[in-house]
Amino acid sequence: MQEWVAHPTAEPHKEEQDKEKYMRASAFEFRFRMIIQIVIVFLGFWAPWLNLSALGPPDLGRHISTLEWLALELSRTGLVRFSYATPVVIVLGSLAAAAGAVFRVWGSAYLGYRTVHHGQMQAETVMAAGPYRYVRNPLYIGGWFMMAAISLLAPPSGALFIMILVTMFYLRLILGEEAFLTAQQGEPYREYLRAVPRLLPRLHAKLPQSPVRPQWLIAVLSEMNPIGIFVALAILSWRYDNLLMIKAILISFGLSLVVRALIPGEKADPQKV
């Protein structure tokens, strides 16, 4: 069988690898990933550009939440009245928050608390258990849905800012981790890359279940923030009080930090963050 370097598409493949190398997150970005996300969300909610001249459609400059803006836009289509459009947006936002909580808790339960929240990339052995049999990055998928739910409470332009930057940042983290794990684990991880998709989960796993016992209680406690976001969207949003939902999310985030500080050290499960 011919080596890939002799294939006529080798040069484009090398260019693609060079682009991925350029897109990989640095060790600094990985270590301070939570702080970077906090800054992105803060800027999205503050949206200082709204105080400047409007740069786009007038509605994007309004100081209303994206949830309200989407409901207004949906009602303007004539498909549904505003009184029905708002519940539709709330339900969709709640589903996004639910997906975020499920992926985060499920992934954390199998990966282990210390590995998920470690300041450096971890690589021991390839693990194919729980969600990692279906998709390589369940934690980032969960984080993306979590951010999508949070952005509904920000101004529309701020929500757009959050989702663009978070998507780019997560892709950088993913590329950085995959390059690190490939270098550390070699062919076993390359086989895992070929068997499991990066972002779109398979309906049926191709790999056998690894003998890993999930830590459900620790996962639920350490992932209180996405759970709190789901509660805020699914329950508090029906009170139509944007500030109340923001306060609830901030409280859940604060509680998650306290709980993480109190969780005793545990042996990290193998795999990546």
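Note that these values count all heavy atoms, side chains included, but never hydrogens, waters or copies made by symmetry. If you're wondering where the values come from, they're calculated on a predicted model, not measured in any experiment.
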- For the residue pair I229 and I150, establish whether any side-chain heavy-atom pair is separated by less than 4.5 Å. yes
- Task: Please examine the side chains of T86 and L67, heavy atoms only from C-beta on, and report whether any two atoms are closer than 4.5 Å.
- Result: yes
- Could you tell me whether the side chain of S108 and the main chain of V105 form a donor-acceptor pair under 3.5 Å? no
- With clusters built from Ile, Leu, Val, Met, Phe, Trp and Tyr whose side-chain heavy atoms come within less than 4.5 Å, directly or transitively, what are the remaining members of the cluster of L243, listed by chain and number? none
- Item | Exam field: side chain N242 to backbone L153, donor-acceptor pair closer than 3.5 Å | yes
- Query: What do the steps show when you test N137 against Y132 for side chain to side chain contact (heavy atoms under 4.5 Å, CB included), and what is the final call?
  - Reply: CA-CA 7 Å; N137 299 282; Y132 296 95; over 6 Å; no
- Note on the structure: What one should report as the nearest heavy-atom pair of G143 and R104 is N-CD, 3.8 Å
- Item | Value rounded to 0.5 Å, distance of CG in L160 from CG in L165 | 10.0 Å
- Task: Only counting residues at least two apart or in another chain, list the ones meeting salt bridge (Lys or Arg N to Asp or Glu O under 4.0 Å) with R190.
- Result: E187
- Under 4.5 Å between side-chain heavy atoms, hopping through other hydrophobics if needed: is there a path connecting I235 to V102? no
- Message: With heavy-atom distances below 4.5 Å as the criterion, would you say the side chains of V196 and R202 are in contact?
- Response: no
- Query: If you measure from CG on L221 to CG on L255, what distance do you get to the nearest 0.5 Å?
  - Reply: 11.0 Å
- Do you know the tightest heavy-atom contact between F103 and P201? CZ-CG, 4.4 Å
- Linking Ile, Leu, Val, Met, Phe, Trp and Tyr through side-chain heavy atoms less than 4.5 Å apart, which residues share a cluster with M34? I38, F253, L257
- Message: Y84: which residues meet the side chain to side chain donor-acceptor pair (under 3.5 Å) condition with it, sequence neighbours left out?
- Response: R81
- Task: Looking only at non-hydrogen atoms, find the nearest pair between S256 and M224 and report the distance.
- Result: CB-CB, 4.1 Å
- Query: Does the pair M147 and F169 meet the rule for a side chain to side chain contact (heavy atoms under 4.5 Å, CB included), with working shown?
  - Reply: CA-CA 12 Å; M147 288 295 186; F169 184 53; over 6 Å; no
- Query: Within a reach of under 6.0 Å around CG of L262, are more than 12 heavy atoms found that belong to other residues, nucleotides or ligands?
  - Reply: yes
- Message: Could you report the tightest heavy-atom contact between F45 and P155, atom names first, then the distance?
- Response: O-CD, 3.8 Å
- Query: Are side-chain heavy atoms of L233 and L152 found at a separation under 4.5 Å?
  - Reply: yes
- Taking C-beta and beyond as the side chain, do Y170 and I141 meet within less than 4.5 Å on heavy atoms? no
- Message: Could you work out, with ring pair (Phe, Tyr, Trp, His ring centres under 6.0 Å) as the rule, every residue matching Y240, not counting sequence neighbours?
- Response: none
- Task: Can you sort out the partners of E29 under salt bridge (Lys or Arg N to Asp or Glu O under 4.0 Å), two or more places apart, ordered by chain and number?
- Result: R172
- Mind checking whether Y192 and R136 have side chains closer than 4.5 Å, heavy atoms only? yes
- Passes side chain to side chain contact (heavy atoms under 4.5 Å, CB included), H204 versus K206? Steps please. CA-CA 7 Å; H204 303 286; K206 296 178 64 176; over 6 Å; no
- Is E73 reaching over with its side chain to a backbone N or O of W69, donor-acceptor style, under 3.5 angstrom? no
- Indicate the atoms forming the closest heavy-atom contact of G93 with A149, along with that distance. O-CB, 4.0 Å
- Message: Any non-hydrogen side-chain atom of E223 less than 4.5 Å from a side-chain atom of W106?
- Response: no
- Could you tell me whether the side chain of R198 reaches within less than 4.5 Å of the side chain of V135, counting heavy atoms only? no
- Task: List the atom of V212, the atom of Y110, and the distance in Å for their closest heavy-atom pair.
- Result: CG1-O, 3.7 Å
- Task: Answer yes or no: is there a donor N or O on one side and an acceptor on the other, between the side chain of E178 and the main chain of L175, under 3.5 Å?
- Result: no
- Query: Between L74 and T77, does a side chain to side chain contact (heavy atoms under 4.5 Å, CB included) hold up when you go through it step by step?
  - Reply: CA-CA 5 Å; L74 183 58; T77 64; 4.2 Å; yes
